[in-house]
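Throughout, numbering of the chain's residues begins at 1 and tracks the sequence. Order of listing sets the numbers, starting from 1, for every ligand and every atom in it.
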Amino acid sequence: MSESVERGASVRGWAEVDLGALRSNVRALRGRIGGAALMAVVKADGYGHGALPCARAAVEAGATWLGTATPEEALALRAGGLPDDLRIMCWLWTPGGPWQEAIEADLDVSVSAMWALTEVTAAARRAGRPARVQLKADTGLGRNGCQPGPDWRELVGAALRAEAEGLVRITGLWSHFARADEPGHPSIRAQLDLFREMTAYAEGEGVRPEVRHIANSPATLTLPEAHYDLVRPGIALYGISPSPEVGTPADFGLRPAMTLAASLALVKRVPGGHGVSYGHHYTTPGETTLGLVPLGYGDGIPRHASSAAPVLVDGKWRTVAGRIAMDQFVVDLGGDRPAAGAEAVLFGPGDRGEPTAEDWAQAAGTIAYEIVTRIGARVPRVYVNE
Ligand SMILES: *Cc1c(COP(=O)(O)O)cnc(C)c1O
């Protein structure tokens with residue numbers, strides 16, 4: 001019965017996730033990092049691929065850390081039946097966050113500011129055990145992280161006093177790049193230099209971190225000197241290149257894990273001059289056939305890709321005809337008459353001739369990260385090669 005329920009749910013549209021590809025991507029990344037450990041970043045539900053199945057596959061392939069943005073994401077993973085000794089880190093905290101739960105779940109938590117150190121030490125007192133704290137340095141991203149100079153000196157000093165009191169263990173020193181996806185950009189060198197300086201200051205004061213880390217996917221792929229003790233790839237795990245400027249997935253032995261497909265809900269013949277979808281932004285140039293794809297922005301298909309993105313139907317690339325609506329969009333099939341129910345592939349690894357998430361990103365004026373991450377909860381994930 002569950003099988004027919006699953007099939008029923010995935011008739012309209014589905015995101016197939018190839019966990020074999022994900023495992024092989026993790027192995028390809030591990031092949032580049034020497035003795036460094038690998039943290040699989042599975043925030044935002046594994047960039048839309050499903051956090052827990054992807055985490056499990058990444059661990060099978062040798063990831064020893066998981067990373068998430070929010071503590072809730074990390075707590076859900078800790079409750080997910082993964083190995084007990086797996087390290088799980090989360091970095092996006094706001095005042096009043098679940099510090100004590102995080103300590104009790106053995107999470108590594110990131111601290112960028114004094115308010116967070118104050119909250120985590122209070123929670124450690126309540127929990128009766130030390131928190132694993134990683135101090136985050138802003139080496140130039142200008143987002144989260146502690147500023148260099150007096151802010152860093154104050155934070156490091158206070159964290160060391162909390163460590164001496166047995167309230168925290170400073171497990172890591174870390175940072176994040178702004179422009180690692182632009183190989184050779186001078187900001188990369190500047191951030192590495194500042195990271196070296198800020199970690200050296202902390203270590204000089206007595207911090208003994210288990211791990212120092214700064215490398216996201218592009219730095220993991222292109223910048224060995226940024227690997228330190230641990231790398232934090234996200235997008236590359238899912239087989240997608242951080243940007244065309246860095247290279248194609250195949251250049252790095254990566255393979256996209258997600259294929260997004262749907263069953264045509266309708267195929268019909270229409271005369272020339274027929275307006276298509278809201279606003280009639282497309283008009284049939286002559287008599288033709290239209291195919292109705294039952295996915296829309298309610299499923300995370302970007303409306304900005306209207307009249308632009310490619311779809312593979314019956315071995316041919318077709319283009320979205322007119323506006324993408326909440327639940328559906330249309331492709332001009334140029335007179336072909338596939339049966340209703342025929343498969344339309346929006347994107348995948350590309351080896352069946354289908355477009356890729358990168359093609360959709362270019363059509364929508366965004367990045368492939370956003371294309372896969374926004375695929376909505378209404379689209380069932382179907383796991384293969386588990
Ligand atoms: C999202 C994120 C990563 C992973 O970035 P990718 O570009 O997907 O590899 C690593 N570290 C931090 C802090 C992040 O927020």
Side-chain angles (χ1 to χ4, degrees), residues 22 25-26 28-30 32-33 36-49 51 54-55 58 63 65-74 77 87-94 107-113 116 133-146 171-183 185 187-188 191-192 195 211-223 226-247 249 252 254 256-258 357-358 361 366-374:
L22 195 137
N25 295 335
V26 170
L29 292 166
R30 286 183 64 212
R32 296 182 169 272
I33 59 174
L38 188 142
M39 174 189 288
V41 177
V42 294
K43 60 190 180 184
D45 201 22
Y47 291 44
H49 295 65
C54 291
W65 289 73
L66 299 176
T68 71
T70 72
E72 290 77 13
E73 292 173 321
L77 288 168
R87 299 290 286 272
I88 305 179
M89 175 174 175
C90 55
W91 46 75
L92 191 57
W93 287 86
T94 35
L107 304 183
D108 281 65
V109 302
S110 178
V111 163
S112 292
V133 165
Q134 301 212 14
L135 301 179
K136 182 169 195 188
D138 186 348
T139 54
L141 173 59
R143 204 174 67 177
N144 213 343
C146 180
T171 54
L173 297 172
W174 74 295
S175 190
H176 195 40
F177 280 115
R179 310 182 74 160
D181 57 346
E182 300 169 61
H185 192 276
S187 69
I188 297 170
Q191 285 200 256
L192 277 172
F195 188 56
V211 286
R212 294 155 304 161
H213 50 107
I214 188 169
N216 53 1
S217 292
T220 302
L221 294 171
T222 67
L223 199 64
H227 292 170
Y228 282 90
D229 309 305
L230 175 71
V231 297
R232 303 189 310 271
I235 198 71
L237 303 174
Y238 309 100
I240 293 172
S241 170
S243 92
E245 202 179 328
V246 171
F252 300 105
L254 303 173
M258 183 189 286
E358 183 60 43
T366 183
I367 53 176
Y369 291 73
E370 186 176 2
I371 297 297
V372 291
T373 302
R374 291 184 76 161

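Here the side chain of D138 pairs a donor or acceptor atom with the backbone of L141 at under 3.5 angstrom. Between the Q191 side chain and the A178 main chain, a donor and an acceptor come within less than 3.5 Å of each other. H213 places no side-chain N or O within 3.5 Å of a backbone atom of D229 that could act as its donor or acceptor partner. A side-chain donor-acceptor contact under 3.5 Å links S217 to the backbone of G234.
Of the protein's non-hydrogen atoms, the one nearest atom 7 (O) of ligand 1 is Y369 OH, 2.7 Å. Of all protein heavy atoms, the one lying nearest to atom 9 (O) of ligand 1 is S217 OG, 2.5 Å. In this structure, the protein non-hydrogen atom closest to atom 4 (C) of ligand 1 is Y47 OH, 3.3 Å. Regarding atom 11 (N) of ligand 1, its nearest protein heavy-atom neighbour is R232 NE, 2.9 Å.
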- Task: Would you check, one step at a time, whether the test side-chain hydrogen bond (donor to acceptor under 3.5 Å, both in side chains) holds for H227 with R32?
- Result: CA-CA 9 Å; H227 292 170; R32 296 182 169 272; over 6 Å; no
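Residue V41 has no nitrogen or oxygen atom sitting less than 3.5 Å from a nitrogen or oxygen atom of ligand 1, judged on distance alone.
Between the CZ atom of F195 and the CZ atom of R212 there is a distance of 7.5 Å, given to the nearest 0.5 Å.
Per-residue contacts place W174 under 4.0 angstrom from the following atoms of ligand 1 (heavy atoms of the residue considered): 13 (C). Listed by number with element, the atoms of ligand 1 under 4.0 angstrom from any heavy atom of I235 are 6 (P), 8 (O), 9 (O).
The closest approach between any non-hydrogen atom of P233 and ligand 1 is below 4.0 Å. In this structure, R143 is part of the shell of residues with a heavy atom less than 4.0 angstrom from ligand 1.
With sequence neighbours excluded, the residues forming a side chain to side chain donor-acceptor pair (under 3.5 Å) with R374 are E370, listed by chain and number.
Considering only non-hydrogen atoms, atom 2 (C) of ligand 1 lies nearest to K43 out of M89, K136, K43.
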